[in-house]
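Notes for the one structure printed next.
Note that the structure is a prediction, hence the values are computed from the model and not measured.
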Amino acid sequence: MAYDYEWFKTAVYSLTKIDLSAYKEKQMKRRIDTLIAKNGIVGYDKYIAFIKENSKKFEEFVNYLTINVSEFYRNPDQWRVMEKEIIPELISKFGRKLKIWSAACSTGDEPYSLVMALSKHVPLDQIRIYATDLDKQVIAKAKVGLYNEKSIANVPEDLKKKFFTRVGVSYQISEEIKKRVEFCQHNLLKDNYQSGWHMIVCRNVLIYFTEDAKDEVFVKFQKSLASQGILFIGSTEQIINYKDMGYERKNSFYYEKP
C-alpha cells in the first residue's frame with residue numbers, strides 16, 4: 001500500500017472527521033510535513049500510528065491543523081462600522097436580543113469583541129453570543145480568557161480599562177463578558193447549521209479552504225441567516241459570486257440576506 005498524502009487524508013478523516021481535501025493542498029501539506037519532521041518521524045503511516053497511541057500528540061496535531069490566528073477588534077475600521085452602523089441597524093430590525101453566531105471563533109477574541117461592541121448599545125445581561133470552533137483546545141483557551149498584550153492592542157482604551165485585569169504579563173477578560181458567550185465545538189464542513197441568525201461573523205478562516213469548500217460554507221451561512229441578517233467576513237476575503245448565493249453587499253466585508 002502507498003502511504004501517500006491521499007492515504008493520509010483518509011486516515012485523518014477517520015480519526016478526526018476533519019476533511020483535509022477542503023483545504024488548499026500545497027499549503028496544508030507543507031504545514032503537516034513540517035510537524036511530522038519536528039516529531040522526528042518518517043512516513044505518514046508512522047505518524048498516524050504515533051498520534052493514535054499518544055493523546056497529547058493527537059491534540060497537538062488537531063491544534064496545528066486548525067490554524068488559529070486571532071486578536072481582538074481585528075481590522076479596527078471594520079469594527080467601527082459594526083458599532084456605528086451594523087449593530088444599530090440590527091437592533092432596529094430585530095430588537096435588542098440579537099441572535100449572533102461567531103463561527104470558527106478560535107481563542108475567543110472575536111466573540112468577546114462582539115460582546116464589548118454590543119455593550120455600547122445593549123445591557124450586558126441581554127447579550128448572548130454563540131461561538132464555535134473545530135478545535136477543542138482553543139475553545140478551552142477561550143473559556144479561560146487570558147490574553148497577551150498584542151491580542152488586545154486594538155481594544156478601545158475605555159473597554160480595556162473596564163473589562164480587562166492585568167495578571168503578570170497577561171490580561172484577564174472579565175467574568176461579566178465571559179458569561180455572555182456560549183462556546184461549542186463545530187465543524188463548518190460537516191456539521192449542521194442552526195437557522196435564524198441575525199448576524200454571523202466568520203473572519204480570516206475560509207482563506208485556507210478550497211474555492212469549492214469556501215462557496216459551500218457561504219451558501220450554508222446564507223441559508224442559516226434570518227431575512228435581513230448580516231454576514232461579516234475578514235479583510236482578506238471576498239464573496240465574488242455573492243449575488244448567485246443570495247446576498248446583497250452592504251460594503252466590502254458585510255453582506256446581507258435580503
Side-chain angles (χ1 to χ4, degrees), residues 70 72-106 108-133 142 155-156 158-159 162-163 173-186 188 191-206 216-235 237-239 242-258:
S70 193
F72 284 80
Y73 282 79
R74 191 172 185 176
N75 313 117
D77 289 349
Q78 291 308 312
W79 284 90
R80 279 190 278 276
V81 173
M82 165 84 76
E83 286 185 6
K84 289 183 167 58
E85 298 175 29
I86 303 298
I87 291 172
E89 193 177 303
L90 289 173
I91 290 170
S92 72
K93 288 175 187 171
F94 302 113
R96 286 179 157 191
K97 291 194 175 178
L98 295 171
K99 189 178 176 184
I100 298 175
W101 175 20
S102 174
C105 68
S106 189
D109 314 46
E110 189 172 87
Y112 291 144
S113 295
L114 282 164
V115 176
M116 289 189 285
L118 282 159
S119 74
K120 294 193 169 185
H121 302 270
V122 179
L124 271 174
D125 62 4
Q126 291 183 27
I127 298 170
R128 193 75 182 163
I129 306 293
Y130 182 64
T132 63
D133 201 275
V155 177
D158 59 328
L159 298 178
K162 191 174 181 181
F163 295 124
I173 198 161
S174 73
E175 285 299 317
E176 56 184 330
I177 296 291
K178 280 166 70 174
K179 65 187 179 186
R180 304 327 314 163
V181 181
E182 178 189 355
F183 289 100
C184 293
Q185 191 178 19
H186 181 268
L188 284 171
D191 295 335
N192 293 328
Y193 289 27
Q194 293 182 31
S195 59
W197 298 107
H198 300 136
M199 181 162 63
I200 298 172
V201 180
C202 185
R203 309 185 71 229
N204 309 303
V205 174
L206 302 187
E216 181 188 331
V217 172
F218 284 139
V219 167
K220 286 180 179 177
F221 281 154
Q222 196 274 350
K223 287 177 180 172
S224 55
L225 280 168
S227 179
Q228 296 188 294
I230 297 287
L231 172 65
F232 179 26
I233 64 172
S235 62
E237 298 165 322
Q238 57 180 319
I239 310 176
Y242 64 90
K243 286 181 182 173
D244 297 337
M245 294 180 183
Y247 290 103
E248 288 178 357
R249 189 171 177 176
K250 288 187 74 67
N251 78 11
S252 300
F253 312 108
Y254 290 96
Y255 294 80
E256 184 176 43
K257 177 178 178 176

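- The line from CZ of Arg128 to NZ of Lys99 is 13.0 Å long, rounded to the nearest 0.5 Å.
- Note that CD1 of Ile87 and NE2 of His121 are 5.0 Å apart. Values are rounded to the nearest 0.5 Å.
- Between Ala103 and Leu188, the shortest heavy-atom distance links the atoms CB-CD2, 4.1 Å.
- Tyr73 and Glu83 form a side-chain donor-acceptor contact under 3.5 Å, judged by distance and modelled atom types alone.
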Next on the checklist: Working note: Glu176 + Phe163, criterion side-chain contact (heavy atoms from CB on, under 4.5 Å); need CA distance, chi angles, decisive distance, verdict.
Outcome noted: CA-CA 8 Å; Glu176 56 184 330; Phe163 295 124; 3.8 Å; yes
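- Met199 CE to Ile100 CD1: the interatomic distance, rounded to the nearest 0.5 Å, is 4.0 Å.
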Item to check | Derivation and outcome, side-chain contact (heavy atoms from CB on, under 4.5 Å), residues Leu225 and Ile230 | outcome: CA-CA 7 Å; Leu225 280 168; Ile230 297 287; 5.8 Å; no
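- Atoms CD1 and CG, on Ile129 and Leu114 in that order, are 5.0 Å from each other to the nearest 0.5 Å.
- The stretch residues 219-232 participates, sequence neighbours left out, in these salt bridge (charged side-chain N to carboxylate O under 4.0 Å, His left out) pairs: Glu216-Lys220.
- Panel note: side chain Trp79, backbone Arg74; a donor-acceptor pair is recorded below 3.5 Å.
- A donor-acceptor distance shorter than 3.5 angstrom exists from the side chain of Asp133 to the backbone of Ser106, with no hydrogens or angles considered.
- A pairwise comparison of heavy atoms in Asn192 and His186 identifies O-NE2, 3.0 Å as the closest pair.
- For the atom pair OH (Tyr242) and OH (Tyr247), the distance works out to 13.0 Å, reported to the nearest 0.5 Å.
- Contact record, Cys105 with Ser102: CB-OG, 3.5 Å, taken as the closest heavy-atom pair.
- Scanning both residues, Ser119 and Leu124, for their nearest heavy atoms gives CB-CD2, 4.0 Å.
- Using a 4.0 Å cut-off between charged side-chain N and carboxylate O, Arg203 and Glu237 make no salt bridge.
- A donor-acceptor pair under 3.5 Å is formed between the side chain of Arg180 and the backbone N or O of Ile127.
- Side chain of Lys257 to backbone of Gln222: a donor-acceptor contact under 3.5 angstrom is found.
- In this structure, CG on Asp158 lies 4.5 Å from NZ on Lys120, to the nearest 0.5 angstrom.
- A donor-acceptor contact under 3.5 angstrom links the side chains of Trp101 and Thr132, judged on distance only.
- Aromatic ring centres of Tyr112 and Phe183: separated by under 6.0 Å.
- Applying ring-ring contact (aromatic ring centres under 6.0 Å, His included) to Phe221 and the options Trp197, Tyr193, Phe232 leaves one that passes, Tyr193.
- Between Ile239 and Leu231 the shortest side-chain heavy-atom distance falls below 4.5 Å.
- Put simply, the side chain of Asn251 gets close to the backbone of Tyr254: a donor and an acceptor are under 3.5 Å apart.
- Shown here for Gln228 and Glu256, the closest heavy-atom pair between the two residues is O-OE2, 3.5 Å.
- Ion pair Lys84/Glu89 not flagged as a salt bridge, since none of the NZ, NE, NH1 or NH2 atoms sits closer than 4.0 Å to an Asp/Glu carboxylate oxygen.
- Ion pairing between a basic and an acidic side chain is recognised when a charged N comes within 4.0 Å of a carboxylate O; Glu175 and Lys178 show such pairing.
- Phe72 approaches Met116 most closely through the heavy-atom pair CD2-CE, 3.7 Å.
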